[in-house]
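Here's the structure we're looking at; comments come further down.
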Amino acid sequence: MWEIDERPVEDRVDTVDTRMEFPQPQKPADGKISYPPGVKEITDKITNDEVVKRLKMVVKTYMDMDQDSEDEKQQYLALALHLASDFFLRNPNKDVRLLVACCLADIFRIYAPEAPYTSHDKLKDIFLFITRQLKGLEDTKSPQFNRYFYLLENLAWVKSYNICFELEDCNEIFIQLFKTLFSVINNSHNQKVQMHMLDLMSSIIMEGDGVTQELLDTILINLISAHKNLNKQAYDLAKILLKRTVQTIEMCIANFFNQVLVVGKSSVSDLSEHVFDLIQELFAIDPLLLVSVMPQLEFKLKSNDGEERLAVVRLLAKLFGVKDSELATQNRPLWQCFLGRFNDIHVPVRLECVKFASHCLMNHPDLAKDLTEFLKVRSHDPEEAIRHDVIVTIINAGKKDLNLVNDQLLGFVRERTLDKRWRVRKEAMMGLAQLFKKYCLHHEAGKESAQKISWIKDKLLHIYYQNSIDDKLLVEKIFAQFMVPHNLETEEKMKCLYYLYACLDLNAVKALNEMWKCQNMLRSHVRELLDLHKQPTTEANSTAMFGKLMTIAKNLPDPGKAQDFVKKFNQVLGEDEKLRAQLEQLISPTCSCKQAEVCVREISRKLTFPKQPTNPFLEMVKFLLERIAPVHIDSEAISTLVKLLNKSVEGTADDDDEGVTPDVAIRAGLELLKVLSFTHPTSFHSAETYESLLQCLKMEDDKVAEAAIQIFRNTGQKIETELPQIRSTLIPILHQKAKRGTPHQAKQAVHCIHAIFHNKEVQLAQIFEPLSRSLNADVPEQLITPLVSLGHISMLAPDQFASPMKSIVANFIVKDLLMNDRSIGNKNGKLWSSEEEVSPEVLGKVQAVKLLVRWLMGMKNNQSKSANSTLRLLSAMLVSEGDLTEQKKISKSDMSRLRLSAGSAIMKLAQEPCYHDIITPEQYQLCGLVINDECYQVRQMFALKLHLALVKLMLPLEYLAVFALCAKDPVKERRAHARQCLLKNINVRREYIKQNTMPHEKLLSLLPEYVVPYMIHLLAHDPDFTKPQDLEQLRDIKECLWFMLEVLMTKNENNSHAFLRKMVENIKQTKDAQAPDDPKTNEKLYIVCDVALFVIVNKSTACHLESPKDPVLPTKFFTPPDKDLINDKDYLSSEARTSLLTGKPKPTGVLGAVNKPLSVTGRRPYTKSTPIESVSNISVNSEPGSPAGSRGREVGTEPSELGARENQENPVMVVNTDVEVEVKDVNPEAGQVSGDQRGKKRGPTAPPANGSENSAAPGEKAAAAAAVPNKPRRGRPPKSLASGASGGTSGAEKEGGTGAGRGRKRAVAQDSTSSPTVEPITIKIPKQQKETDSKRPAPQRPVELQR
């Protein structure tokens, strides 16, 4: 065998020249070929084996020779020439060819720099021959591999191929060499082979005059993915070669890309179609390779071809996004140009940019600031897919490391939870849930990260307020899987729930309570369905079952499809008794969480069809099972919660570690148990649980004790029979709370006794008798709790205490308490004050009014005429504005509280049919006018009480008409809230009618359209409506009508528009039953009818059709129609019609805006509503943190945090805008509010926080006193009086003193000077617009009746 020279390549290369010359060959004198000693002549006459044998000796000779052996060089020159003959170069034997190639390589080494070959063609043949032999390197296991390696090594360190630079067609040789080397390299080669290949190729690139395109292609083709996957080693070789030759090859690469990208010559190379892939690979190898190429990409980013821009964006996304890339910082112009593509008109380009952002955020956090603004715009992209991918981008980055996403980016995801598209909302909600579980539940990044996203839990639960059942179901799923994972062990699961509940905000707590309530309601529906299966099949049973199925379907996604699936499931239940048994066990109150999982699994298994890849029926059933299965709460869970509560009470819990104080944990824990006591009462029944609750009853915290009593009330039905020890301890505590506890504790204690003890009559008597004897109006501080207890006792046991209660009411409540003012109130001018500031005497009077109502609600009859007397008393309280004695001792804020109490009391009595019948129209009107009270808080609380009673269908339909008066409210939020209440109530009624068959008489009390007669009658008796032909008063009437009719007429279902028109026309054929013989009263009624007809006709083109039914009018308010008299008179003058037409209020997109938050600083959010039968409790707010979910009706100049005009859905004819509610509205000379700003809806007003906003300045009080007649003012004066009083000028002078009529106070938009605590909302009006508005005599809001 032969030996390889082991000297380092560098040393060996230094021994030879890199270029060879071509001198004339010197032939030996005798012309014979000299062979090395022992080697015979090599000719074609001998065998191949002999040739090989002799060539080996020749190879050994040449290997041993060096450049200094001049004699030997001369001696063997002829042999060198002979070895280049065709006999050897074309020899078919590969061993011969290999040995010859080795000899030739050594010859080039020995004779350098003077090559022994003169012919360029011969040199070309020789190097092509050598190149072909290098293919033998491929097989490393070949016995000849060492010779091939020697050949490669020799060529590399001698740089033999550099001789070819002198040849014209050297490029052909280089291309062949490069192709050969790239094709033979494989994973069996060691590093030396690769190194020699690199040396060989890099010397050609670096020492040549340039790299041709063909040669460049042989390198670059190895970077293309197809080739890269075939031969990874060739890719690595090309990569290292490019890195090594970057300085030389960069210009060649730039020229190639310039030809393709800028000039557009795709024919320049076969690789033109892979240009972007090559750029990506080259950038990954060394960005310096593309220094000159990047500006060309900036040019391509601005191409007119969308697909071309898309390709460049995809490329740059990879270049900018790859880890450790510094392209964005090194090439800012290209980065900025790329960011501009986020706003590209081509959707796929924007989509690609958004997808890139995810990698960029993860790999380059320093670029997050640049990306944030662009992602913000894209989060509002009109394309659903782009908004979806923005969320995915942010969430993926957040899941990798929360520090990668700033609060702004998380805010974009938060916004998208209210997206109009379900797919986007779902992605946003699920993404936030995953972040919450990772960082808040598992604390993977510490407390700081958990605190950063602590808002997620509240936000996710707030979404339960959305109307969509899909949103609700997803919130339930998120709660069960991410917030309190149901697969945790009971102890850990309850700890999660305990501290989660303690950390939630108020709205989230309400949403969670509502979620449990809805699930419990659905469980009860399924339980009732199973009960129907146990009954014999009858028509009534089938009807009831169908109704129940429809109710259940409404609680599942896609109710339309769900109906069919629920029917199918019901059919399966009827046929499969075992399935019914499993379902009964699942909804059983005693079912544990583990049993529930087994039941769900078994039911799902029975309904699975193996041959069906997708089973929508099974999916729907799973949805139902997941909603009704008790996955969190069972007896064990309640016991664990109670233990956690005990630890908090004892101070041994880790409350502080969880971020809550022990007091908060205890109070929240009791509230949690209280809520669960409604939905899972059976799970509480254990001595251990009740012992812990008894300890809570003894705590000083009033709220804790109150919650504990309520839990006993809800769950203690078996205490008396099964737990006598608990009973004997509980009774004295309940007695003590009923006598001396807080009012709330007293109420719960009385109800608890009534609910859980069999001898409740004895127990209640033991409380009633000492309390009734101790009543003393001179000590009002000790009066409130007894009054509460007595009121609830009289309601729960009316017959037992009928006689003593009548005496107490007549002698003490009315004569001694309500009709006497013992103390003088605080004359600070406030219209409202907090409960702590209210005097005990007034609080006692409020409780006295409530006691009267509870007493009557217990009796439920009017045999003794007590109800008539009570109603007269309450009416007198309203007429006297709360000052029943009219002695002027009581303060304004106390009067406001008593007005609210009286109005609420009448409304409460109206819920009982026997009392509703005796309420006169005048009393109904007085009650309704409370919604226009001058005090903001009175209006707010009364409207809330009204809505809650109406939405439960507890109040008669006529009370819905009261909301029409909210059009007069000066505060935008109150009007928006009233609209939502209207919409909710109308929807509840229509839904109830659809689900329940009922007689025609019942339909009259439910059909929303029948509110119109009550509304017309109420507006005809509006105290503001004093001059029937006054244009401004007519416009106010129209606004009130429009407020109601716009919601009613959103759809023309069953030709309802024609029905409304017919109803109003019929009213004109009757007389006002309240004063049938008074011409003025009837004229006002007919004028309101004409205004209503005007609105209906302008709103609807279908109203002129024939009405399918003849409306029935309420006889309590209208006389029977006179068939002989036809009233076709037009009561509106042409001037009035023109005024109504041009000053029309613009339509508000009530339905379109239901889920839009309306933000007014400081408003208390309205979130609660109550379900009716199958109607789930859907908050009127889409965002619980916002005060109202609908936009108001003001013109677009009013401030809105939505950043858009309030009526963007509908065309608006802007006539004028409302004026700012600020000091600038006041006339500095006269010191009064301008006549156009009479406290009536002139822009949003900052909400009263503590009543100080409703106080009047000293100058205003004096002016108001001057305006009031000697006779005490009753109710709200006419508008001019209210205007004068609020501004300091007597309205009586203008109206001739007509202000003593019945009514309610005008609700005033308070001046910003009323209190330093008010932050007035300034409405910015452009200067030009202000000048225009100042020239208009009476700014009005436009009404757009035609859409």
Distance check, rounded to the nearest 0.5 Å: E298 atom CD versus M294 atom CE?
11.5 Å
Under 3.5 Å, side chain of R627 to main-chain N/O of Q519, donor-acceptor pair present?
no
Under a 4.0 Å threshold between the charged nitrogen and the carboxylate oxygen, would D370 count as salt-bridged to R332?
yes
Heavy-atom distance under 4.5 Å between the side chains of H346 and L351, does that happen here?
no
So, taking the atom named SG in C440 and the one named CG in L402, what distance separates them when rounded to the nearest 0.5 Å?
8.5 Å
Pair N304-R309, side-chain hydrogen bond (donor to acceptor under 3.5 Å, both in side chains): steps then yes or no
CA-CA 8 Å; N304 290 329; R309 291 198 308 277; 5.7 Å; no
If you count every heavy atom of other residues, nucleotides or ligands that lies below 6.0 Å from K376 atom NZ, does the total exceed 12?
no
Shortest non-hydrogen pair, R378 vs N343, comes out as NH1-OD1, 2.7 Å
Nearest heavy-atom neighbours spanning L319 and S325:
O-OG, 2.8 Å
S303 side-chain N/O to F299 backbone N/O, donor-acceptor pair under 3.5 Å
no
Give a yes or no on whether the backbone of L409 and the side-chain of N406 come within a donor-acceptor separation of less than 3.5 Å.
yes
Exercise: do E415 and H380 side chains pair donor with acceptor under 3.5 Å:
yes
I want to check something: taking the side chain as every heavy atom from C-beta on, are E352 and L316 in contact at a cut-off of under 4.5 Å?
no
Nearest heavy-atom contact between V405 and K452 is O-NZ, 2.7 Å
What distance do L290 atom CG and Q280 atom CD have between them, rounded to the nearest 0.5 Å?
11.0 Å
Atom CE of M362 and atom NZ of K399: how far apart are they, to the nearest 0.5 Å?
9.5 Å
Looking only at non-hydrogen atoms, find the nearest pair between A450 and Y439 and report the distance.
CB-O, 3.4 Å
Take the angle between the ring planes of W335 and F320 and call it parallel below 30°, perpendicular above 60°, tilted in between.
perpendicular
Indicate whether the side chain of D419 and that of H388 have a donor and an acceptor atom separated by less than 3.5 Å.
no
Spacing of L473 atom CG and L624 atom CG [to the nearest 0.5 Å]
10.0 Å
Is there a donor-acceptor pair under 3.5 Å between the side chain of N396 and the backbone N or O of S358?
no
For a 4.5 angstrom cut-off between non-hydrogen side-chain atoms, does C518 reach N555?
no
Note: A397 and L361 closest approach over all heavy atoms is CB-CB, 3.9 Å
Note, Y498 side chain near E658 side chain (heavy atom, < 4.5 Å):
no
Is the shortest distance from a Lys or Arg side-chain nitrogen in K477 or E626 to a carboxylate oxygen in the other one below 4.0 Å?
no
Would you call L497 and I633 a side-chain contact if the rule is heavy atoms closer than 4.5 Å?
yes
Verify the neighbour count for atom CD of Q336: are there more than 12 heavy atoms of other residues, nucleotides or ligands below 6.0 Å?
yes
For the aromatic rings, using the six-membered ring if either is Trp, is the centroid distance between Y464 and F479 under 6.0 Å?
no
For the CZ atom on R421, are there more than 12 heavy atoms of other groups (residues, nucleotides or ligands in this structure) within a distance under 6.0 Å?
no
L327 CG to H364 NE2 distance, which is reported to the nearest 0.5 Å
9.0 Å
Is any side-chain heavy atom of I395 closer than 4.5 Å to a side-chain heavy atom of L435?
yes
Output all residues satisfying salt bridge (Lys or Arg N to Asp or Glu O under 4.0 Å) with D470, sequence neighbours left out; order by chain, then residue number.
none
Under a 4.5 Å cut-off applied to non-hydrogen side-chain atoms, are I469 and K554 in contact?
no
Salt bridge flag under 4.0 Å for residues E427 and R416:
no
Could you tell me whether the side chain of S449 and the main chain of G446 form a donor-acceptor pair under 3.5 Å?
no
N/O donor-acceptor pair under 3.5 Å between T417 side chain and M429 backbone:
no
Below 4.5 Å, heavy atoms only, C-beta onward: do P287 and E326 meet side chain to side chain?
no
Among L301, L310, I279, find the residue that satisfies the side-chain contact (heavy atoms from CB on, under 4.5 Å) test when tested with L315.
I279
Closest non-hydrogen contact found for F356 with G321 is CE1-N, 3.7 Å
